[in-house]
J.: 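Quick one: the structure is below, and I'll ask about it shortly.
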Amino acid sequence: MRVFGVLLIVVLIALAAVLFLQRESATSSLQAVRAIAADLREEGVAGRPFDRDLAARMASSMQLLVDHPEAIAEHSGELATIAATAASWADEAPAPSVALTVAVALRGAAGDLRGHRPGAPETALVAAQRKLDRARAALAGGPIGTSPVDAVRDRLDNLQSGQQERAREAEDEINR
């Protein structure tokens, strides 16, 4: 009986040590993800503070374009302005944050709308709608964009949107 008690104490101590080490590993992993998210910034973009009201108005105006895609071509300049504004918000936003999630979603939606061509499949419109839904959910206080992993995803999506914008601008220059 005495051996059993000593064995039980040894097992409990070993279990406590394993749990402690796993917690430390998880903590250091989360800190590494946070550091990565903070360092993923787009070059050449000047950050500015997030404006929740303007973001909501941008989402509403882009929703009208999703609902009436024939008007997208007439609003290409406005979509470029929305994308640039959202890029500046994303640069300034802490990671993770609702502001980052909204900015990245709005920038992506603007890019999808700019990429839509009349007569083409509606995949760009569907993607824009999904991003607008994500932006509105984050603005409404949904549990979106609050983890370090979400922050890394948002930062990578933002960088990808920037690359797509530069490619689209180069293509537009060639077509002129």
Side-chain angles (χ1 to χ4, degrees), residues 33-118 120-173:
V33 169
R34 280 189 185 102
I36 289 170
D39 291 340
L40 287 173
R41 303 274 181 177
E42 186 174 3
E43 289 184 30
V45 175
R48 67 183 211 198
F50 179 68
D51 183 339
R52 182 177 288 271
D53 293 332
L54 180 56
R57 289 194 308 270
M58 288 176 171
S60 295
S61 67
M62 284 193 288
Q63 183 63 55
L64 290 172
L65 293 175
V66 168
D67 295 340
H68 303 284
E70 66 277 0
I72 291 173
E74 300 166 14
H75 297 278
S76 181
E78 292 166 23
L79 290 170
T81 301
I82 288 171
T85 300
S88 68
W89 289 340
D91 187 69
E92 180 82 11
S97 70
V98 170
L100 177 61
T101 299
V102 171
V104 171
L106 291 176
R107 185 179 189 185
D112 290 337
L113 289 172
R114 286 182 71 196
H116 175 72
R117 301 291 179 246
E122 295 193 358
T123 54
L125 294 176
V126 171
Q129 182 66 60
R130 189 176 59 249
K131 290 171 184 165
L132 288 173
D133 290 343
R134 181 173 172 76
R136 280 193 294 267
L139 283 169
I144 295 175
T146 57
S147 78
V149 174
D150 289 334
V152 170
R153 187 200 63 242
D154 286 342
R155 291 282 186 208
L156 290 173
D157 286 349
N158 188 51
L159 291 173
Q160 181 180 6
S161 291
Q163 288 290 85
Q164 289 169 344
E165 287 168 14
R166 284 187 285 286
R168 189 172 297 111
E169 289 167 7
E171 182 181 324
D172 290 345
E173 272 302 310

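All figures in this text were calculated on a predicted structure; none of them were measured in a lab.
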J.: Which atoms form the tightest heavy-atom contact between Gly108 and Lys131, and what is the distance?
T.: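 The pair with the smallest heavy-atom distance is C-CD, 3.6 Å.
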J.: Could you grab the distance from atom CG of Leu100 to atom CG of Asp91, nearest 0.5 Å is fine?
T.: 10.0 Å
J.: Might you point out which heavy atoms bring Ala90 and Ala103 nearest each other, and give the distance in Å?
T.: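 That closest heavy-atom pairing would be N-CB, 3.7 Å.
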J.: State the OG1-NE2 distance between Thr81 and His75, to the nearest 0.5 angstrom.
T.: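 It comes to 12.5 Å.
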J.: Can you name the closest pair of heavy atoms from Arg155 and Pro94 and give their distance?
T.: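 Closest approach of Arg155 to Pro94: NH2-C, 4.1 Å.
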J.: Which heavy-atom pair separates Val66 from Ala128 by the least distance, and what is that distance?
T.: CG2-CB, 4.1 Å
J.: Out of curiosity, Met58 CE to Ile82 CD1, how far, rounded to the nearest 0.5 Å?
T.: 5.5 Å
J.: Indicate the atoms forming the closest heavy-atom contact of Ser97 with Ala93, along with that distance.
T.: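 Taking every non-hydrogen atom into account, OG-CB, 3.8 Å.
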J.: Within this structure, what is the CG-CD1 distance for the pair Asp112 and Ile72, rounded to the nearest 0.5 Å?
T.: 10.0 Å
J.: Do the side chains of Glu165 and Arg114 get close enough for a salt bridge, i.e. N-O under 4.0 angstrom?
T.: no
J.: Within the side chain of Ser76, is there an N or O that forms a donor-acceptor pair under 3.5 Å with the backbone of Ala73?
T.: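 Looks like no, no N/O pair under 3.5 Å.
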J.: As an exercise, state the distance from CG of Leu65 to NE2 of His116, rounded to the nearest 0.5 Å.
T.: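 Here the interatomic distance stands at 10.5 Å.
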J.: Please name the residue in the list Leu106, Asp150, Asp154 that meets the side-chain contact (heavy atoms from CB on, under 4.5 Å) test with Thr101.
T.: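 Of all the options given, the one that passes is Asp154.
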J.: Show me the donor-acceptor pairs within less than 3.5 Å that the side chains of residues 46-55 make with the rest of the protein, sequence neighbours left out.
T.:
residue : atom : partner : partner atom : Å
Asp51   : OD1  : Asp53   : N            : 3.1
Asp51   : OD1  : Leu54   : N            : 3.1
Arg52   : NH1  : Leu139  : O            : 2.9

J.: What side-chain hydrogen bond (donor to acceptor under 3.5 Å, both in side chains) pairs are there with at least one residue in residues 57-67, not counting sequence neighbours?
T.: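 Listed by first then second residue: Gln63-Asp67, Gln63-Gln129, Gln63-Arg136.
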